[in-house]
Amino acid sequence: MYPRLVIDLKKVTHNTRTLVQRAGDRGIGVYGVTKVHCGHPGITAAMVAGGIAGIADSRMENLEALKDFGLPRILLRLPMVSEAARVVANADISLNSELVTVQALGREAAAKGRTHGVILMIDLGDLREGIEPDKVHETVPEILKTDGIEFVGIGVNLTCYGGVIPDKTNLGELAAIAGDIEATYGITLQVVSGGNSSSLYLLEEGLPKGINNLRLGEAIVLGRETKEGEAIAGTYQDAFILEAQIIELKEKDSYPRGTIGMDAFGNHPTYVDKGRMKRAIVAIGRQDVVPESLIPCDPGIEIIGASSDHMILDVTGSQETCRVGDVLSFRLAYGALLALSTSPYVEKTTLDEQR
Ligand SMILES: *Cc1c(COP(=O)(O)O)cnc(C)c1O
């Protein structure tokens with residue numbers, strides 16, 4: 001069945017193991033982030049086989065499906081107050097920045113006779129989640145005195161909204177805040193989490209002392225660091241391949257005929273007249289994928305557009321002769337993998353032990 005996402009689990013395990021070892025050599029534990037594949041159990045198992053220290057996801061639905069791995073489960077997105085009971089039941093730890101939420105989690109945990117772990121997020125300039133550094137000493141004592149809550153550590157998220165790059169200055173600030181908290185309150189923080197795949201490049205130069213955790217998603221599944229989008233040496237970039245089938249193949253004009261108004265998404269498109277071209281339509285569209293984040297495996301093929309259910313390709317320069325019914329392959333960037341994983345119209349096929 002097509003379209004399908006073909007997942008090479010051995011490559012996922014290899015990528016995970018490579019990164020877990022590199023981080024481990026420098027005293028850094030890795031939470032494996034599963035949200036980009038919607039908490040797929042087989043892919044998660046491949047990440048677990050590679051040695052991740054915890055399973056991290058932004059959605060409770062995914063964490064609930066991943067309860068049988070015997071690893072701590074970490075909720076990455078700040079919990080909604082309305083899901084506090086769910087979070088306490090199916091996540092060991094959550095990232096937090098709001099005291100009202102921590103208190104709601106504490107009430108639910110205490111009522112069930114459990115403890116829920118909290119990592120306090122610090123905003124060091126990327127302007128997504130986290131308290132500002134000058135609020136640390138009004139927040140930490142409140143967390144420490146909340147029944148049902150264990151203060152597990154602190155963390156930062158960068159390069160997500162603001163595009164701010166992790167460096168020795170901002171991560172040094174995180175490490176200093178951790179040291180200050182430990183000294184002031186006489187506690188030891190189990191987790192000082194220095195960010196996501198964009199922090200990986202600092203492993204080589206050395207993360208500031210005191211940081212002992214990273215939360216890695218894209219680096220594991222796509223073998224790319226996310227500061228510059230570079231491939232990570234020694235990892236695979238093609239553990240995930242999209243296959244889509246050609247449903248029309250014709251020589252047509254490259255420039256539309258008629259008066260051009262809006263396209264299906266309300267944009268006013270512009271076109272370059274390249275004369276006649278060999279055009280293929282494959283059966284996949286914007287409902288399933290972000291075409292801009294697909295890379296045809298055949299370098300002679302170019303993606304020229306897509307509507308909800310049709311993706312149009314210029315196959316004039318393709319290396320193979322294309323026919324209707326042929327299946328074309330694409331490598332993925334993050335946005336494409338996220339959408340494909342989420343689309344129920346895309347079959348997920350795993351390659352594993354058979355090879
Ligand atoms: C998504 C996410 C990550 C993982 O990011 P990658 O770039 O895929 O490594 C880490 N932390 C938080 C809070 C996230 O939301």
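What you see below is based on every heavy atom in this structure, not just the backbone, and it leaves out hydrogens, waters and symmetry mates.
Nearest heavy atom pair, residue Thr146 against residue Gly106, reads CG2-CA, 4.3 Å. Across every non-hydrogen atom of Arg215 and Leu76, the tightest pair is CD-CD2, 3.8 Å. For Ile122 against Ile154, the heavy-atom pair with the smallest separation is CG1-CB, 4.3 Å.
Using a distance-only test at 3.5 Å, with no hydrogens or angles considered, no donor-acceptor pair links the side chain of Ser94 to the main chain of Val118. In this structure, the side chain of Asp309 does not engage the main chain of Gly285 through any donor-acceptor pair within 3.5 Å. Between the Glu228 side chain and the Glu230 main chain, no donor and acceptor come within less than 3.5 Å of each other. With hydrogens and angles disregarded, a donor-acceptor distance shorter than 3.5 Å links the side chain of Tyr201 to the backbone of Pro166. Using a distance-only test at 3.5 Å, with no hydrogens or angles considered, no donor-acceptor pair links the side chain of Asp298 to the main chain of Ser318. Judged purely by atom type and a 3.5 angstrom limit, Ser254 uses its side chain to pair as donor or acceptor with the backbone of Gly275. Side chain of Thr184 to backbone of Asp180: a donor-acceptor contact under 3.5 angstrom is found. Although no hydrogens or angles enter the test, the distance criterion places no donor-acceptor pair under 3.5 Å between the side chain of Asp8 and the main chain of Ala239. In this structure, His268 contributes its side chain and Ile260 its backbone to no donor-acceptor pair below 3.5 Å. In this structure a side-chain-to-backbone donor-acceptor pair under 3.5 Å is missing from Arg279 to Ile312.
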What verdict does the salt bridge (Lys or Arg N to Asp or Glu O under 4.0 Å) test give for Lys278 and Asp314, after you've listed the backbone C-alpha separation in whole Å, the side-chain angles of each residue and the deciding distance to 0.1 Å?
CA-CA 6 Å; Lys278 215 159 118 198; Asp314 176 1; over 6 Å; no
Tell me, with the steps shown, if Glu204 and Arg26 meet side-chain contact (heavy atoms from CB on, under 4.5 Å).
CA-CA 9 Å; Glu204 306 303 322; Arg26 291 159 179 86; 4.0 Å; yes
Can you check side-chain contact (heavy atoms from CB on, under 4.5 Å) on Phe330 and Leu313, steps first, answer last?
CA-CA 12 Å; Phe330 303 83; Leu313 313 171; 4.1 Å; yes
Can you list the steps and then say if Leu9 with Ile43 is a side-chain contact (heavy atoms from CB on, under 4.5 Å)?
CA-CA 6 Å; Leu9 295 178; Ile43 304 169; 4.0 Å; yes
Intermediate values then yes/no, side-chain contact (heavy atoms from CB on, under 4.5 Å), Arg114 and Glu150
CA-CA 10 Å; Arg114 326 172 51 136; Glu150 182 186 7; over 6 Å; no
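Looking at Ser197 and Arg224, their side chains never come closer than 4.5 Å, going by heavy atoms from C-beta outward. His310 has its side chain within reach of Ile247: a pair of non-hydrogen atoms, C-beta onward, lies under 4.5 Å apart. Counting heavy atoms from C-beta outward, Leu189 and Phe151 have side chains that approach closer than 4.5 Å. At least one side-chain heavy atom of Leu105 sits less than 4.5 Å from a side-chain heavy atom of Pro79. Within the 4.5 Å cutoff, the side chain of Leu328 has no heavy atoms near those of the Pro296 side chain. Residues Ile74 and Leu95 form a side-chain contact, since some pair of their non-hydrogen atoms from C-beta on lies under 4.5 Å apart. Residues Ser193 and Met121 fail the side-chain proximity criterion, which asks for heavy atoms closer than 4.5 Å. Asp263 has its side chain out of reach of Ser307: every pair of non-hydrogen atoms, C-beta onward, lies at least 4.5 Å apart.
Relative ring orientation between Tyr271 and Tyr255 is described as perpendicular, the plane-to-plane angle rising above 60° on a 0-90° scale split at 30° and 60°.
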List the atom pairs, with distances to 0.1 Å, where a side-chain N or O of residues 169-178 and a protein N or O form a donor-acceptor pair under 3.5 Å, not counting sequence neighbours.
from, atom 1, to, atom 2, distance (Å)
Asn170, OD1, Asp167, N, 2.7
Asn170, ND2, Ile165, O, 3.0
Asn170, ND2, Asp167, OD1, 3.4

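Comment: Glu292 engages Arg286 in a salt bridge, judged by a side-chain N to carboxylate O separation of less than 4.0 angstrom. Under a 4.0 Å N-O distance rule, the pair Glu302/Lys274 qualifies as a salt bridge.
Atom CE of Met1 has more than 12 neighbouring heavy atoms from other residues, nucleotides or ligands inside a 6.0 Å radius. Residue Asp147 qualifies as open at atom CG: its count of foreign heavy atoms under 6.0 Å is 12 or below. Atom CD of Glu132 has 12 or fewer heavy atoms from other residues, nucleotides or ligands within 6.0 Å. Heavy-atom contacts from other residues, nucleotides or ligands closer than 6.0 Å to CZ of Arg257 number 12 or fewer. By the neighbour-count criterion of 12 heavy atoms within 6.0 Å, atom CD of Glu320 is sparsely surrounded, having that number or fewer from other residues, nucleotides or ligands.
The side chain to side chain contact (heavy atoms under 4.5 Å, CB included) with Val36 is formed by just one residue from the set Leu222, Val221, Leu332; it is Val221.
To the nearest 0.5 angstrom, Leu351 atom CG is 8.5 Å from Ile7 atom CD1. Put simply, CD1 on Ile55 and CG on Leu75 are 13.5 Å apart, with the number rounded to the nearest 0.5 Å. Note that CG of Asn196 and CG of Leu216 are 8.0 Å apart. Values are rounded to the nearest 0.5 Å. The CD1 atom of Ile232 lies 5.0 Å from the CG atom of Leu200; values are rounded to the nearest 0.5 Å. Going from atom CD of Glu138 over to atom CD1 of Ile131 covers 7.5 Å, rounded to the nearest 0.5 Å. For the atom pair CZ (Arg4) and CG (Leu340), the distance works out to 13.5 Å, reported to the nearest 0.5 Å.
The side chain to side chain donor-acceptor pair (under 3.5 Å) contacts involving residues 31-53 comprise Thr34-Asp57, where partners must be two or more places apart or lie in separate chains.
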